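Fair warning: this is a prediction, and the values are worked out from it, not measured in the lab.
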Amino acid sequence: MLKVMSNRIFVSAVMFVAGVVSLLSCKPAEKEPQVTKDEQIYINELYASSGDDWIELYNAANEAKDLTGYKIYDDPSNKYTLPANTEIAAKSYLILVCDDTGTGLFTNFKLSSVGETVYLENIEGNVIDKVEFPALANGQSYGRYPDGNTTFKISGAATKAGSNGEVVGTIISKISRAPLVPTLTENVTVSVEILNPANVTSAKLFHRINGGAFSSAPMTANGTTYSAVIPALNGTGTIDYYVEVTNSGSVVSRAPFDAPADYYTYLLNNDPLPELVINEFMALNISCCADTDGGTQEFDDWIEIRNNGATAVNIAEFYLSDDLANPFNSRIKNTNPAKTTIPPGGYLLIWADNNRSQGELHLDFGLSGDGEAVGLYYKDGRKIDSITFGPQAGNVSMGRLPNGGSTWQLFNPSTPGQPN
């Protein structure tokens, strides 16, 4: 009986110790920092959509404020301390560039364009402001309207180091042109969709020919759609264009957002299309053919192009796409003609790996083993060749037989860069 009692006591003691250890090892979930003090220094506007990310602080008080030692962060475990002599004048702004540099007014973190939370903390460790911002498209910012207010809005035009005003910048959600691939004699209609059209006072389409001066045309509203026409050129050339929208607060929004430094463009061309074909492809490369351009061995999807013509063809600035409604999906880089030129009767292997940083022969998309389409397009968007395919087997390619012919069949083993 004594032995049984001793065993029970021993087991109970072990269970007690185990429970204590378990409790000690379970850390409570860290609480999200909350605003505990208002010093009238606010995170007033955030920009996280393109180029350098930045945070604009605003001093709503009537006197200057020394922010030496204050901290800003998007991760409580990685706070950035503002340097000595960081001052913000009364009713003024201070820009912090979020580029991961970690020096001066350049923070040790970047902002996420999909949205996150940013915190501002004083030297005593009190959170004096925090802002949770949503996903932002290129050129959009998220800020207080008006400055220092509690109301936040997305703006289609950032007002870096300037007043947000009362009216947010017009949000241009998308821009389109029709026809997408015009002929030399077709007018082109450019349209934009506007998400907040109530305060729009003017919308203009700017366009130019062959790098000349931009001219403008007023855009006509049809609900939330604004459109204008670029007249037919009736000849070859390059057309550049952008859209500018002004609202009742005199805030200007553009598409693309950094126009006129950047702009949309299309090419009017009557070159005869080269005699190129998509000759073979593999959409489910498991272990067949290695791509080593990135310094490591990768088994990526690939597309083989054959030159059926009698002259060499440089495919630089041509396009490949896995969306036949959008010829302009992935443009071949014009940086190394030796790599992008296909000799007569020759072949060129292009990797569909969604990794253009690896070189001229890499695309912005991968192929689907479940089946899809892929097209080859001239530099003006005219289709040279395309193929629509169904589900694919691993390490098995599809190709033309004979080379450049019209009959497609499966190849195992495949013949990338070589005759089928």
Side-chain angles (χ1 to χ4, degrees), residues 32-112 115-134 136 139-169 247-253:
E32 180 183 347
Q34 301 295 327
V35 176
T36 57
K37 188 176 182 180
D38 184 356
E39 295 187 0
Q40 292 189 284
I41 304 295
Y42 300 112
I43 298 170
N44 199 53
E45 189 175 6
L46 303 106
Y47 184 87
S49 53
S50 181
D52 287 333
D53 303 338
W54 48 263
I55 299 168
E56 176 191 84
L57 302 183
Y58 174 66
N59 181 4
N62 292 319
E63 62 278 336
K65 182 75 174 181
D66 184 4
L67 301 184
T68 299
Y70 280 52
K71 294 179 174 63
I72 190 135
Y73 51 92
D74 62 351
D75 176 358
S77 66
N78 184 39
K79 301 177 181 181
Y80 183 67
T81 303
L82 300 185
N85 302 316
T86 299
E87 186 173 284
I88 182 170
K91 308 296 184 183
S92 294
Y93 312 90
L94 178 70
I95 299 297
L96 304 176
V97 177
C98 303
D99 64 354
D100 212 18
T101 301
T103 179
L105 298 181
F106 296 78
T107 71
N108 63 346
F109 62 91
K110 294 182 179 180
L111 299 179
S112 172
E116 58 174 333
T117 303
V118 176
Y119 307 86
L120 180 62
E121 186 178 290
N122 66 13
I123 56 176
E124 288 84 22
N126 298 309
V127 176
I128 63 171
D129 196 20
K130 76 170 188 176
V131 174
E132 181 179 357
F133 66 91
L136 298 172
Q140 293 180 351
S141 68
Y142 187 69
R144 299 175 183 269
Y145 286 85
D147 296 330
N149 199 274
T150 57
T151 300
F152 282 87
K153 296 179 182 179
I154 295 175
S155 173
T159 56
K160 183 178 182 181
S163 173
N164 293 348
E166 301 285 343
V167 183
V168 299
N247 66 15
S248 57
S250 299
V251 179
V252 177
S253 300

Participant: Do T101 and T107 pass the side chain to side chain contact (heavy atoms under 4.5 Å, CB included) test, and can you show the C-alpha distance, the side-chain angles, and the key distance before you say yes or no?
Facilitator: CA-CA 6 Å; T101 301; T107 71; over 6 Å; no
Participant: As an exercise, state the distance from CG of L67 to OG1 of T81, rounded to the nearest 0.5 Å.
Facilitator: 12.5 Å
Participant: What's the separation between atom CD1 in I123 and atom CG in L82, rounded to the nearest 0.5 Å?
Facilitator: 11.5 Å
Participant: Report yes if some heavy atom in the side chain of Y145 is under 4.5 Å from a heavy atom in the side chain of E166; otherwise report no.
Facilitator: no
Participant: Can you run down the salt bridge (Lys or Arg N to Asp or Glu O under 4.0 Å) pairs that involve residues 56-70, sequence neighbours left out, and say none if there aren't any?
Facilitator: E39-K65
Participant: Does N59 reach the main-chain N or O of I41 with its side chain, forming a donor-acceptor pair under 3.5 Å?
Facilitator: no
Participant: To the nearest 0.5 Å, tell me how far K130 NZ sits from Y42 OH.
Facilitator: 15.5 Å
Participant: Can you list every ring pair (Phe, Tyr, Trp, His ring centres under 6.0 Å) pair that touches residues 56-84, not counting sequence neighbours?
Facilitator: Y58-Y93, Y73-Y119
Participant: Under the ring pair (Phe, Tyr, Trp, His ring centres under 6.0 Å) test, which residues partner Y47, sequence neighbours left out?
Facilitator: W54
Participant: If you look at every heavy atom in A90 and A61, which pair is closest and at what distance?
Facilitator: CB-O, 3.5 Å
Participant: Can you find a heavy atom in the side chain of V118 that is under 4.5 Å from one in the side chain of I72?
Facilitator: yes
Participant: Report the C-alpha separation of I128 and V35 in whole Å, then their side-chain angles, then the decisive distance to 0.1 Å, and conclude whether the side chain to side chain contact (heavy atoms under 4.5 Å, CB included) test is met.
Facilitator: CA-CA 5 Å; I128 63 171; V35 176; 5.6 Å; no
Participant: Please name all residues satisfying side-chain contact (heavy atoms from CB on, under 4.5 Å) with V131, sequence neighbours left out, ordered by chain then number.
Facilitator: I43, L46, D129, Y142, R144, F152
Participant: Identify the two heavy atoms, one from Q140 and one from I154, that lie closest to each other, and give their separation to 0.1 Å.
Facilitator: OE1-CG2, 3.6 Å
Participant: Which residues pass the side chain to side chain donor-acceptor pair (under 3.5 Å) test with S141, sequence neighbours left out?
Facilitator: E45
Participant: Nearest 0.5 Å please: distance from the OG1 atom of T159 over to the CG atom of N164.
Facilitator: 3.5 Å
Participant: Between S248 and V167, what is the shortest heavy-atom contact and its length?
Facilitator: OG-CG2, 4.0 Å
Participant: Listed by chain and number, what are the side-chain contact (heavy atoms from CB on, under 4.5 Å) partners of D53, not counting sequence neighbours?
Facilitator: A48, C98, K110, L111
Participant: Roughly how far, to the nearest 0.5 Å, is CG of L94 from CG of L105?
Facilitator: 5.5 Å
Participant: Quick check for you: to the nearest 0.5 Å, what is the distance between S92 atom OG and D147 atom CG?
Facilitator: 10.5 Å
Participant: Evaluate the criterion side chain to side chain contact (heavy atoms under 4.5 Å, CB included) for residue pair I95 and I55; output intermediate values, then yes/no.
Facilitator: CA-CA 6 Å; I95 299 297; I55 299 168; over 6 Å; no
Participant: Within the 3.5 Å criterion, strictly below it, is a donor on D100 or N108 matched to an acceptor on the partner's side chain?
Facilitator: no
Participant: For the pair T117 (side chain) and E132 (backbone), establish whether a donor and an acceptor sit closer than 3.5 Å, ignoring hydrogens and angles.
Facilitator: no
Participant: Which atom pair, heavy atoms only, marks the closest approach of G169 to S155?
Facilitator: N-OG, 2.9 Å
